[in-house]
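These notes are about the structure you will find just below.
Naming: A, B, ... by sequence-line order, numbering from 1 per chain.
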Amino acid sequence: MSAVPIPTRTPSESLRPPLVDGEQTLSSITETVCSIVERPQTPRAWYIAFAISSSLTLMLFGLIGYLIATGIGVWGNNSPVFWGWPIVNFVFWVGIGHAGTLISAILFLFRQQWRTSINRFAEAMTIFAVTCAGIFPAIHVGRVWLVYWLAPYPNQMAMWPNFRSPLLWDVFAVSTYATVSLLFWYLGMIPDLATLRDRATSRVRQFAYGLFALGWTGSARQWHVLEKAYLLLAALATPLVLSVHTIVSFDFAVSHVPGWHTTIFPPYFVAGAVFSGFAMVVTLLVPARHLFGLKDLITPRHLDVMCRIILATSCMVGYAYATEFFTAWYSGNRFEQFAFLNRMQGPYAWAYWTMVTCNVLIPQLYWFKRFRTSPWLMVGVAICVNIGM
Amino acid sequence: MSTTVEPTPVTTDEPEPASRLFGAIAIFESAEKLLSAATALKQSGLTKLEAHTPYPVHGIDEALRIAPTRLPWVVLAGALIGAGGAFAMQHWMNGIDYPFLISGKPLMSIPSSIPVTFEVAILLAAFAAFFGVLLFNGLPRLAHPLFRTQVFRRVTSDQFALVAESDDPRFDELRFGVITTEHGATSVESIEQDVSSVAMPTLLKAAGVSLVALALIPPVLIAQARATTSEKPRIHPIQDMDFQAKFKAQTTSPFFDDGRAMRLQISGTVARGDMPIDPAISTGYTSDAPPGPESSQWLDSIPISPTIELMARGRERFNIFCAACHGRGGDGDGIVTVRALELQQGTWVKPISLHDRSVRDQPDGRLFNTITNGVRKMPGYASQIKPEDRWAIVLYLRALQSSRNAQPADVPADVLETLRETN
């Protein structure tokens, strides 16, 4: 859309691979992107897909209702030491979200122009992922109706939350992250909404897009301020995204449980987050690109770059796994050693080995060019990563 | 003002013009043409010139001489306020207002406050950036004269526009047209601004008024609830563990075979307070069951040795357990009694003065029994006060009574002598 530059035709750019394929002009790109939402008839496939996902969502709500009515024992959480299922879900989803912010903020700061084809897509994924993540801490407290106790507000109990608890840091980190992601997403989208507003033919669409475009006119002064704000938000979101998963890892690392109480957790969590997030982007992007006819805008080169990032982060995660073992051995701490040996050989050995296979071994396939060029092979590997995480 | 002659509209009979000239718009096919036209127009002295483009065009800021925005300062201010506020909040809340002692950690430590401080700083900075954009750009502004021109609609997609406003003193529509066409404008149009004041539709007005009225209901109800008292107990939407399913004493229960809710004593066990000591010491009487008021089976004296320590203990226990109702002096003016009589609910019996002859004449065993099992409206304290302490209270009670009713014969002769001298 409007934010996509058209560099294919200038000779100086020819050294670099083009950002988009085919003979593209401003209007052809606008046309390709806008036509998706401007179709007069919603395709039947969409309804089917929507029906499937909304019934799954309904099931989720039903199960959450059951959980709230019964208690968190439903998950098998019967000890105050661990969170089990809810924290696994929480960390998984927050991690997924990180790819979106990484693409939009960090790659923006590094002037990686190819990000423009996928950034809004990835940011939207972030928002949904963070929303999913937010569900779990909220419902895991058991008495959901008291979840507002997490907020520091003056109350009749005359007491304040404990600010030395990583769980409270988490509340601040995740809510800030969700808010900033939303602002970042929306701010970048305002000019695009204006494009849709000006293309709209029906009154309803004109009104709705007009409302959300806030009266954007694309004037040079507006662009000037918006660009500055976008740069600043990217600069703010970059440390934010690193801090969020760091703080999530504090939930574990600040506790004294063997196997968790280690300093490698923050970087390891962040690498894992980027890793799983990119895998999720690939999992979603390849079918979307196929179904919505965006192959010229999201080119094989984009996919190739993402696969390389997955490969790099997979190696980082593998390195972190190895370091954990080394530390356990080198520390000479029997409990630490037991925790890791038990992970490998104990009742959860199957989960451990699935993780190692999916996260470290299978992504190595991306060393082969074939796996980075064939979309479906690529998605297969990415889905393995999603499972492994 | 006075020298310029306004071109009078031909149709003077119309009461008010519905629109006035806002400016002129020129459309270009490419950013390069737009840039050269903008530079030329700026040189011609136009000040109210604006470019509208589908994406940010490089070099436009210089061409239109747009001053750098002050937004970064606003963002910095947001970050500083966030960091300072969050830091102060944590230290005040956990260190000063509600000192939170956790595993001997310091009340105010910098490392543990870094995460929240950092997050809030980012949050407020991001808000500052977002709302700064809206503020500096004058958004939201849903109506703009540009939106009324047909040509503008492609400017957010793939065309480029230059707009000159008519309230610029150097504005000249003809010259604008000539210069822009020279630089490759594909079309030049004038933009009209609607100045007729249209009244709000009645439906919208009614909806607005009723929305405001509805929105006022909750705060009014809350204010009313805060200002008045209510007879009803407070609403208890979430029960938590406040009201639990339970069996009360002396009721039936389908759970046990014998159908009773209460359990019988298991043979070979001793119930609390039933430790086998001298029954007279633990009850205050020598018969098997509590005797009648005037019986001779009440113990006549305190069965444990009355030391000064026992007296002190009795005084302490009396002030803890009895004074609330009976008052420290035993006159029946404890704070509970005073308050209960103030409320005038009719259910409270004012205890008689412990100095009353009817109490003074009671044997020690009977006073002990009163503490153990209560009397009429007074509850028993067997479960709170152990037998020795009960006797200590009786001892103190006796001292209390003698303090007001002692006869000269009760006092040792030498003490009597000093008392006489001092009075």
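Shortest non-hydrogen contact noted between Phe100(B) and Pro161(A) is CE1-C, 4.0 Å. Across all their heavy atoms, Gly215(A) and Leu139(B) have their closest contact at O-CD2, 3.6 Å. The shortest heavy-atom contact between Gln206(A) and Arg153(B) is NE2-NH2, 2.7 Å. When every heavy atom of Glu50(B) is checked against every heavy atom of Ala220(A), the shortest pair comes out as OE1-N, 3.2 Å. Nearest heavy-atom pair, Leu71(B) versus Ala229(A), reported as atom, atom and distance to 0.1 Å: CD2-CB, 3.4 Å. Summarising the geometry of Ser157(B) relative to Thr195(A), their closest heavy-atom pair is OG-CG2, 3.5 Å, with the distance given to 0.1 Å.
For Leu64(B), the parts lying under 4.5 angstrom from a heavy atom of chain A are both the backbone and the side chain. If you measure heavy-atom distances from Gln222(A) to chain B, the contacts under 4.5 Å come from both the backbone and the side chain. Residue contact with chain B, scored on non-hydrogen atoms closer than 4.5 Å, involves the side chain of Leu146(A) exclusively. Heavy atoms of Phe131(B) lying under 4.5 Å from chain A are absent altogether. There is no contact between Ala235(A) and chain B, counting heavy-atom distances below 4.5 Å. Only the side chain of Asp61(B) comes within less than 4.5 Å of a heavy atom of chain A; its backbone N, CA, C and O stay farther away. Neither the backbone nor the side chain of Ser113(B) has a heavy atom closer than 4.5 Å to any heavy atom of chain A. Proximity to chain A is limited to the side chain of Phe118(B), based on heavy atoms less than 4.5 angstrom apart. Of the atoms belonging to Pro111(B), not a single heavy atom falls under 4.5 Å from chain A. Contacts of Pro106(B) with chain A are made by backbone atoms alone, with heavy-atom separations under 4.5 Å and no side-chain atom involved. Contacts between Arg164(A) and chain B at a heavy-atom distance below 4.5 Å involve backbone atoms as well as side-chain atoms. Heavy atoms of Leu183(A) lying under 4.5 Å from chain B belong to its backbone as well as its side chain. Using a 4.5 Å cut-off between heavy atoms, Ala121(B) makes no contact with chain A at all. Both the backbone and the side chain of Leu240(A) come within less than 4.5 Å of a heavy atom of chain B. When heavy atoms are compared at a cutoff of 4.5 Å, Leu49(B) approaches chain A solely by way of its backbone atoms N, CA, C and O. Neither the backbone nor the side chain of Pro166(A) comes within contact range of chain B, judged by heavy atoms closer than 4.5 Å.
Put simply, the side chain of Ile102(B) reaches to within 4.5 Å of the side chain of Asn162(A), judged on heavy atoms. Inter-residue side-chain proximity for Pro239(A) and Ile122(B) is flagged as met; some heavy-atom pair is nearer than 4.5 Å. Here the side chains of Ile247(A) and Glu119(B) are in contact, with some heavy-atom distance below 4.5 Å. Between Ser112(B) and Trp169(A), some side-chain heavy-atom pair lies under the 4.5 Å cut-off. For the pair Val133(B) and Leu187(A), the minimum side-chain heavy-atom distance is below 4.5 Å. Side-chain contact between Gln90(B) and Trp160(A) is absent, with no heavy-atom pair separated by less than 4.5 Å.
A distance of 12.0 Å separates CD1 in Ile114(B) from OG in Ser243(A), rounded to the nearest 0.5 Å.
By the neighbour-count criterion of 12 heavy atoms within 6.0 Å, atom CH2 of Trp145(A) is densely surrounded, having more than that number from other residues, nucleotides or ligands. Heavy-atom contacts from other residues, nucleotides or ligands closer than 6.0 Å to CD1 of Ile96(B) number more than 12. More than 12 heavy atoms of other shown residues, nucleotides or ligands fall within 6.0 angstrom of atom CH2 in Trp92(B).
With hydrogens and angles ignored, the 3.5 Å screen pairs a side-chain donor or acceptor of Asn94(B) with a backbone N or O of Phe163(A).
Note on Pro152(A), Ser165(A), Ala213(A), Ala173(A): by heavy-atom pairs under 4.5 Å with chain B, the leading option is Ala173(A). Taking chain B as the reference chain and counting heavy-atom pairs below 4.5 Å, the highest number among Thr246(A), Leu226(A), Leu232(A) is found for Leu232(A). Counting heavy-atom pairs closer than 4.5 Å to chain B, the top residue among Thr179(A), Asp170(A), Asp198(A) is Asp198(A). The candidate from Pro72(B), Ala161(B), Gly132(B) with the greatest count of non-hydrogen atom pairs under 4.5 Å with chain A is Pro72(B). Of the listed residues His224(A), Met159(A), Arg197(A), Arg143(A), the one with more heavy-atom pairs under 4.5 angstrom with chain B than any other is His224(A). Contacts with chain A were tallied for Ala125(B), Ala128(B), Ala86(B), Gly138(B); Ala125(B) has the most, counting heavy-atom pairs under 4.5 Å. The choice from Asn137(B), Val74(B), Thr69(B) that makes the most heavy-atom pairs within less than 4.5 Å of chain A is Asn137(B).
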Exercise for the section: May I have the step-by-step check of side chain to side chain contact (heavy atoms under 4.5 Å, CB included) for Arg141(B) and Thr217(A), ending in yes or no? Expected result: CA-CA 10 Å; Arg141(B) 178 182 176 186; Thr217(A) 61; over 6 Å; no

Verify side chain to side chain contact (heavy atoms under 4.5 Å, CB included) between Phe130(B) and Tyr186(A), making sure each step is shown before the conclusion.
CA-CA 9 Å; Phe130(B) 181 78; Tyr186(A) 181 55; 3.5 Å; yes

Could you go through the side chain to side chain contact (heavy atoms under 4.5 Å, CB included) check for Val75(B) and Leu236(A) one step at a time? CA-CA 10 Å; Val75(B) 173; Leu236(A) 291 170; 4.2 Å; yes

Go through the steps to decide whether Val180(A) and Phe127(B) satisfy the test side chain to side chain contact (heavy atoms under 4.5 Å, CB included), and finish with yes or no.
CA-CA 8 Å; Val180(A) 174; Phe127(B) 274 130; over 6 Å; no

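No cation-pi contact links Arg221(A) to Phe136(B), judged by a cut-off of 6.0 Å to the six-membered ring centre and 45° from its axis.
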